[in-house]
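Bear in mind the structure is a predicted one, so any value in this text is a computation, not a measurement. Remember, it's 1-based here, ligands and their atoms both numbered in the order they're listed.
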Amino acid sequence: MADEMPQIRDSSDIATNLATVRALIAAAAEAKGRPADSVTLIAVSKAQPVAKIDDALDAGHRVFGENRVQEATAKWPEIKARHPDVELHLIGPLQTNKVRDAMALFDVIETVDRAKLARALAAEMVRSNRRVPCYIQVNTGEEAQKSGIGPEEADDFIGLCREEVKLPVAGLMCIPPIGEEPALHFALLREIARRNRIDILSMGMSADFETAIRFGATHVRVGRAVFGARETGAAPASATAL
Ligand SMILES: *Cc1c(COP(=O)(O)O)cnc(C)c1O
């Protein structure tokens, strides 16, 4: 069940939550014979106030995810000025007219899913002389309302991004459909990564990150289990954000 978090209470103590999630990540990794540091925790701070992000930074955390360019642009330049070692991932849909803003702020773009966007990102990398690692988002559930390249088209699209567009394709990302067994989707993403020789797999959220690690996740995107409930009005992971 995608919305249940049986193992973690919704606590406002961010340092405690981070320690709990890190311990669960380490246990899940070690159960598969992998070192704990083979999994990167991306703390998803969308719809969370800067005060909570500061708590996470004080606890030593440095890798964060946001799903809207506009919200991130309001929050993060000031935080990054204080903490230049922060690594910020864009995990929500990206419109081509926001590529320049996104590239100026984010250190990883996880949601490349169409040729027009890939070309816009590549052009901005040339213009700004800055290369930003990109992940390809795969719509493993083939949901009409969700972004991501279809699993059938993924190999061709990855090839296009690498060979023709010259995008630095570093990883794959997916968001399984709500209410479905996520393991099947994680297995599908892992298989697409294997046959395309891609090492990074961004999959798993608060409700299913341990399962994702069992299926080879190298990056888990965890929001509520770290920060507690989001402020109201926040877009769900499946929404087509601006
Ligand atoms: C919001 C979001 C998450 C985190 O979801 P939680 O259930 O709060 O852990 C992960 N990935 C994406 C793409 C999201 O939009």
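Salt bridge present: Glu143 and Lys146 bring a charged side-chain N and a carboxylate O closer than 4.0 Å. For Glu164 and Arg119, the salt-bridge test passes: some basic side-chain N is under 4.0 Å from an acidic carboxylate O. Salt bridge absent: Arg34 and Glu30 never bring a charged side-chain N and a carboxylate O closer than 4.0 Å.
In the vicinity of Val222, heavy-atom distances shorter than 4.0 Å reach the ligand 1 atoms 9 (O). Using a 4.0 Å cut-off to heavy atoms of Arg224, the atoms of ligand 1 that qualify are 6 (P), 7 (O), 8 (O), 9 (O). Close approach of ligand 1 to Arg221 is summarised as follows: ligand atoms under 4.0 Å from at least one heavy atom of the residue are 4 (C), 9 (O), 10 (C), 11 (N), 12 (C), 13 (C).
Considering backbone and side-chain atoms together, Ile175 places no N or O closer than 3.5 Å to any N or O of ligand 1. On a distance-only criterion, Asn67 and ligand 1 share no N/O pair closer than 3.5 Å.
In this structure, of Met205, Lys46, Arg230, the residue bringing a heavy atom nearest to atom 10 (C) of ligand 1 is Met205.
Note on residues 80-89: pairs passing salt bridge (charged side-chain N to carboxylate O under 4.0 Å, His left out), not counting sequence neighbours, are Asp54-Arg82, Arg62-Asp85, Glu78-Arg82, Lys80-Asp107.
Listed here is the closest heavy atom pair of Arg190 and Phe215: CD-O, 3.2 Å.
No side-chain donor-acceptor contact under 3.5 Å links Lys46 to the backbone of Asn67.
Using 4.0 Å as the threshold, Glu110 has no heavy atom nearer than that to any atom of ligand 1.
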